[in-house]
Amino acid sequence: MVSFQLESKHNPTVPTGEMPQAMGRIDIFTTRPDTIYGVTFMTLAPEHELVDQITTAAQKDAVEAYKIATAARSERERMADVKTISGVFTGAYATHPLSGEPVPVWIGDYVLAGYGTGAVMAVPCGDERDHAFANFFAGQEGMPEIKNIFEGVDISEEAYTPKDKTPLCNSDFLNGMSYKQAMYTAIQKLEEIGAGKGKTNYRLRDAVFSRQRYWGEPFPVYYKDGLPQMIDRKHLPIELPEVDEYLPTEDGAPPLGRATTWSWCTQENKVVSNDDDRDCVYPLELNTMPGWAGSSWYMFRYMDANNEDEMFSAEAQEYWNNVDLYIGGSEHATGHLLYSRFWVKLLHDLGKVTVEEPFQKMINQGMILGESAFVKELEIEVDGKIEKRFISQGVKAKDLNIKSGRKLHADVSLVNLQNELDMEAFKVWRPDYASTEFITAEDGTFKVSREVEKMSKSKYNVVSPDDICDQYGADTLRLYEMFLGPLEQAKPWNTAGITGVYGFMKKLWKLYHNDAGFSVSEEKASPDSMKTLHKTIKKVQDDIENFSFNTSVSSFMIAVNELTAQKCNSREVLEPLAVLVSPYAPHIAEELWSLLGHKESISEAPFPVFDEKHLVESSKTYPISFNGKMKFTLDLPVDVSKDELEKMVLANEKVQQQLEGKTIKKAVVIPGRIVNFVF
RNA sequence: GCUCGAGUGGUGGAAUUGGUAGACACGUUGGACUUAAAAUCCAAUGGGUAGUAAUGCCCGUACGGGUUCAAGUCCCGUCUCGAGUACCA
């Protein structure tokens with residue numbers, strides 16, 4: 001925050017020396033105090049409260065006209081219209097707090113009243129909007145030459161916006177400093193002389209709390225003489241009315257506008273028919289609340305769902321606290337999390353909840369995306385008439401007089417794996433294009449272009465998992481989705497690798513079967529098989545904790561491959577294995593569980609307990625490296641000291657070969673990990 | 001622009017506190033079985049290079065530096081991509 005004193009000598013409406021403090025200065029907010037010496041002019045939002053007071057008589061008409069023109073445009077319009085530059089000089093000058101030079105004060109609609117203080121210090125050499133503004137009004141009264149404060153940078157064409165190490169110049173005590181250093185130094189100096197203050201600016205946008213939909217909580221609000229009135233709490237809740245269709249009315253009112261019983265009687269204090277023409281009956285609000293009106297706090301209601309007296313009891317909330325884990329789509333990452341946290345913080349401040357956050361842990365799982373197919377459509381001129389053509393991907397349209405082109409979504413079911421479109425099927429699908437000519441490649445095929453997008457009916461890229469289910473079963477589909485990659489990552493749906501998962505399912509089944517059918521031995525399992533089992537228990541247990549389901553699936557594959565190679569057929573291993581697999585592939589696991597002779601569901605079976613003893617080994621394969629590069633491995637005993645280990649390694653023939661004629665500077669021996677010789 | 005996240009084979013992706021980069025799977029190539037195909041099984045598969053071969057050497061985790069006996073992993077800088085947000089000063 002920097003304060004600029006207004007110069008009274010340039011401001012004839014206020015007598016010299018009598019300017020009140022509040023009127024006498026303009027406070028501005030900037031994130032670039034380092035550019036303070038680049039200030040060429042100032043711009044106020046047209047709505048700024050000082051505008052009327054500081055405008056000189058000569059500029060009064062122009063300023064008034066500009067204010068009226070601006071007021072006619074909505075903020076949305078002003079934000080959307082980035083190109084048009086407009087503004088007016090007020091005639092007033094302020095004094096630069098450090099250099100003491102006069103700074104002309106303008107108004108312009110690129111400055112928004114709602115942000116910061118509604119006023120900016122304009123530094124054309126370092127801000128593009130200021131640069132554009134200065135150039136647009138260059139040479140006019142009140143628009144001085146642009147001040148350049150960046151050493152060796154040409155700012156005649158555009159502003160220099162990077163915050164890098166470019167040293168400052170023409171900046172008095174900031175000369176030679178880079179962005180960061182200058183920023184802190186400038187703030188310090190401004191605070192010293194009382195012309196500014198370091199400040200962190202937080203911004204919370206307003207969000208509209210209403211929707212023009214049917215399905216939402218109705219507002220307990222009625223309108224008396226056009227003014228909204230709250231319905232008293234004791235008459236709540238009011239419930240959604242019946243409507244004939246969940247659509248807006250013909251004249252554009254929200255769906256509640258269709259209700260015939262949607263008026264409020266202030267005597268009976270209930271919802272009555274719209275035909276009720278008594279004086280105490282008023283129309284109810286037609287908007288409903290947005291989704292997050294409920295989604296921001298519903299988890300607390302779940303804790304005490306049958307409570308008729310309040311949102312939830314303090315006891316219930318204290319018992320359940322907050323949500324341990326929230327898994328939702330990544331589109332929730334900003335919206336839901338933001339609103340929900342905001343509400344819970346408010347509820348906490350009101351003393352309604354003991355927690356400050358809604359969720360202890362939140363995971364946004366990635367979306368499965370679709371691969372859309374696009375047909376390129378051209379509008380070309382033929383004999384003075386505009387005609388449409390489809391052109392295959394990769395075909396050059398050199399002899400055509402192209403007027404315009406666009407991409408049209410094609411249904412992905414009409415396209416084969418080589419991206420070739422079934423043109424006849426396309427014409428049937430889109431009869432409106434039945435007569436449009438296709439420009440194909442030389443081999444007569446028509447190729448579409450592909451793009452990864454959200455799956456959506458309107459993009460015609462929806463692939464149904466039903467086909468996969470029919471062909472491979474629900475377990476395979478489930479496993480494959482997990483196997484595709486990390487939970488939090490969005491990925492296009494691509495079934496190319498599904499045979500790998502399907503193969504795993506078949507191999508798993510085979511472990512429990514021989515040629516004759518189901519067959520499991522009651523004999524003790526081999527130490528190797530026990531090792532495989534317990535290695536897998538540990539891995540899967542850790543993976544579940546970390547939501548790393550893709551690596552669980554691969555560890556199952558490894559286990560099944562190893563057990564197959566070991567010809568393991570023992571109940572001691574296969575029974576816990578089925579339990580391990582059951583959360584991932586419940587159907588096959590349940591089936592195996594039943595074949596193993598169990599009457600109850602596998603979901604009732606306890607999770608196998610990991611036992612370290614099966615993983616204990618007498619030797620470890622050590623990587624032996626020289627100067628940090630691994631050359632070979634050696635199997636060495638585990639239960640020896642560091643010194644013994646070093647001796648054993650040094651005694652090895654291959655190690656001696658590597659070290660021949662060299663002096664060891666350092667030997668790094670870390671038991672259980674690695675051996676490294678530096679020479 | 002800002003905030004956050006990510007860059008690893010032909011592909012999807014693995015890799016505890018820094019400690020054998022490329023697990024697992026797809027794809028590709030070769031082989032077995034088959035009249036043939038499908039299915040199944042076996043082998044090879046980061047790149048380069050030397051050798052008949054066994055085997056060896058060099059380079060490799062976006063790019064440039066740094067720390068360390070040792071870096072995909074830690075630090076500094078750059079680039080690119082993705083998501084969110086934006087006339088926000």
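Computed from a predicted structure; not experimentally measured. Just so we're on the same page: letters track the sequence lines, and every chain starts at 1.
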**Asked** Given A:Val412 and A:Val448, is the side-chain contact (heavy atoms from CB on, under 4.5 Å) satisfied, shown in steps?
**Response** CA-CA 10 Å; A:Val412 287; A:Val448 297; over 6 Å; no
**Prompt:** Are A:Ser86 and A:Tyr66 linked by a side-chain donor-acceptor pair shorter than 3.5 Å?
**Reply:** yes
**Request:** Could you state the atom-to-atom distance from CG of A:Asn627 to P of B:A71 in whole Å?
**Result:** 11 Å
**Message:** Dot-bracket, 5' to 3', for RNA chain B please: Watson-Crick or G-U pairs under 3.5 Å, [ ] where pairs cross earlier ones, | where the partner sits on another strand, dots elsewhere.
**Reply:** (((((((..(((......[....)))((((((.......))))))(((((....)))))..(((((..]....))))))))))))....
**Nearest-angstrom distance, P atom, B:U61 to B:G72** = 7 Å
**Item:** Side chains of A:Thr70 and A:Asp109, donor plus acceptor under 3.5 Å
**Value:** no
**Item:** Phosphate-side-chain proximity, A:Arg129 and B:G1, N/O vs OP1/OP2 below 4.0 Å
**Value:** no
**Item:** Any pair counted as side-chain hydrogen bond (donor to acceptor under 3.5 Å, both in side chains), so long as it reaches residues 34-43 of chain A, sequence neighbours left out
**Value:** A:Arg32-A:Asp34, A:Tyr37-A:Asp172, A:Thr43-A:Tyr110
**Request:** Determine, stepwise, if the pair A:Val669 / A:Val649 fulfils side-chain contact (heavy atoms from CB on, under 4.5 Å).
**Result:** CA-CA 10 Å; A:Val669 179; A:Val649 173; over 6 Å; no
**Prompt:** Does A:Lys620 have a side-chain nitrogen or oxygen under 4.0 Å from the phosphate oxygens OP1 or OP2 of B:U20?
**Reply:** no
**Asked** Which whole number of Å gives the distance between the P atom of B:U67 and that of B:U28?
**Response** 47 Å
**Message:** Can a donor-acceptor pair be found, under 3.5 Å and without considering hydrogens, that links the side chain of A:Asp611 to the backbone of A:Lys613?
**Reply:** yes
**Prompt:** Should A:Lys506 be listed as having a side-chain N or O under 4.0 Å from OP1 or OP2 of B:U40?
**Reply:** yes
**B:C59 phosphate, OP1 or OP2, under 4.0 Å from A:Lys629 side-chain N/O** = yes
**Asked** Separation of A:Lys631 atom NZ from B:U55 atom P, in whole Å?
**Response** 16 Å
**Request:** Between B:U45 and B:A36, how far apart are the P atoms? Round to whole Å, please.
**Result:** 29 Å
**Request:** Answer syn or anti for B:G72, where the cut-off is 90° from 0 on the glycosidic torsion.
**Result:** anti
**Request:** Provide the distance between the two P atoms, one in B:A70 and one in B:A21, to the nearest whole Å.
**Result:** 14 Å
**Item:** Main-chain N/O of A:Asp528 paired to A:Thr532 side chain as donor or acceptor, under 3.5 Å
**Value:** yes
**Request:** Measure from the side-chain heavy atoms of A:Thr30 and tell me the nearest of B:A89, B:A14, B:C69.
**Result:** B:A89
**Message:** Closer than 3.5 angstrom, by distance alone: can the side chain of A:Arg478 be matched with the main-chain N or O of A:Tyr584 as a donor-acceptor pair?
**Reply:** yes
**Message:** So if I take every side-chain heavy atom of A:Val111 and compare against B:A89, B:U20, B:U40, which nucleotide ends up nearest?
**Reply:** B:A89
**Message:** Would you measure the distance from the C1' atom in B:G18 across to the matching atom in B:C69 and give it in whole Å?
**Reply:** 12 Å
**Message:** Please verify the inter-ring angle class for A:Phe4 with A:His96; under 30° counts as parallel, over 60° as perpendicular, anything in between as tilted.
**Reply:** perpendicular
**Prompt:** Does A:Gln489 place a side-chain N or O at less than 4.0 Å from the phosphate oxygens OP1/OP2 of B:G12?
**Reply:** no
**Message:** Output the rounded distance in Å from NZ (A:Lys642) to P (B:C69).
**Reply:** 14 Å
**Whole angstrom value for the distance that separates P of B:U11 from CG of A:Leu484** = 16 Å
**Complete:** Here the distance between atom P of B:G19 and atom CG of A:Leu636, to the nearest Å, is 20 Å
**Message:** Between B:G10 and B:G47, how far apart are the two P atoms, rounded to whole Å?
**Reply:** 7 Å
**Prompt:** A:Lys666 has an atom NZ; how far is it from atom P of B:U68, in whole Å?
**Reply:** 10 Å
**Asked** Do any N or O atoms from the side chain of A:Asn676 and from the backbone of A:Ile624 form a donor-acceptor pair under 3.5 angstrom?
**Response** no
**Prompt:** At under 4.0 Å between heavy atoms, what does A:Lys665 touch on the DNA or RNA strands: base, sugar-phosphate, or nothing?
**Reply:** nothing
**Request:** Taking A:Ser171 for its side chain and A:Leu168 for its backbone only, find out whether a donor-acceptor pair lies under 3.5 Å.
**Result:** no
**Asked** Contact class for A:Ile670 (heavy atom, under 4.0 Å): base, sugar-phosphate, or nothing?
**Response** base
**Message:** Can you work out whether A:Lys491 or A:Phe677 has the more 5'-proximal nearest nucleotide on RNA chain B?
**Reply:** A:Lys491
Could you run down the sub-3.5 Å N/O contacts of the protein with nucleotides 23-25 of chain B?
{"unit_1": "B:A25", "atom_1": "OP1", "unit_2": "A:Asn561", "atom_2": "ND2", "d": "3.1"}

**Request:** Provide, to the nearest angstrom, the distance between the CD1 atom belonging to A:Ile674 and the P atom belonging to B:U16.
**Result:** 15 Å
**Complete:** note: A:Glu488, atom CD; B:G13, atom P; distance rounded to Å ~ 14 Å
**Request:** Would you indicate which nucleotide in B:G12, B:C69, B:C87 comes nearest to any side-chain atom of A:Asp109?
**Result:** B:C87
**Message:** Rounding to an integer number of angstrom, what distance separates B:A23 and B:A39 when you compare their C1' atoms?
**Reply:** 27 Å
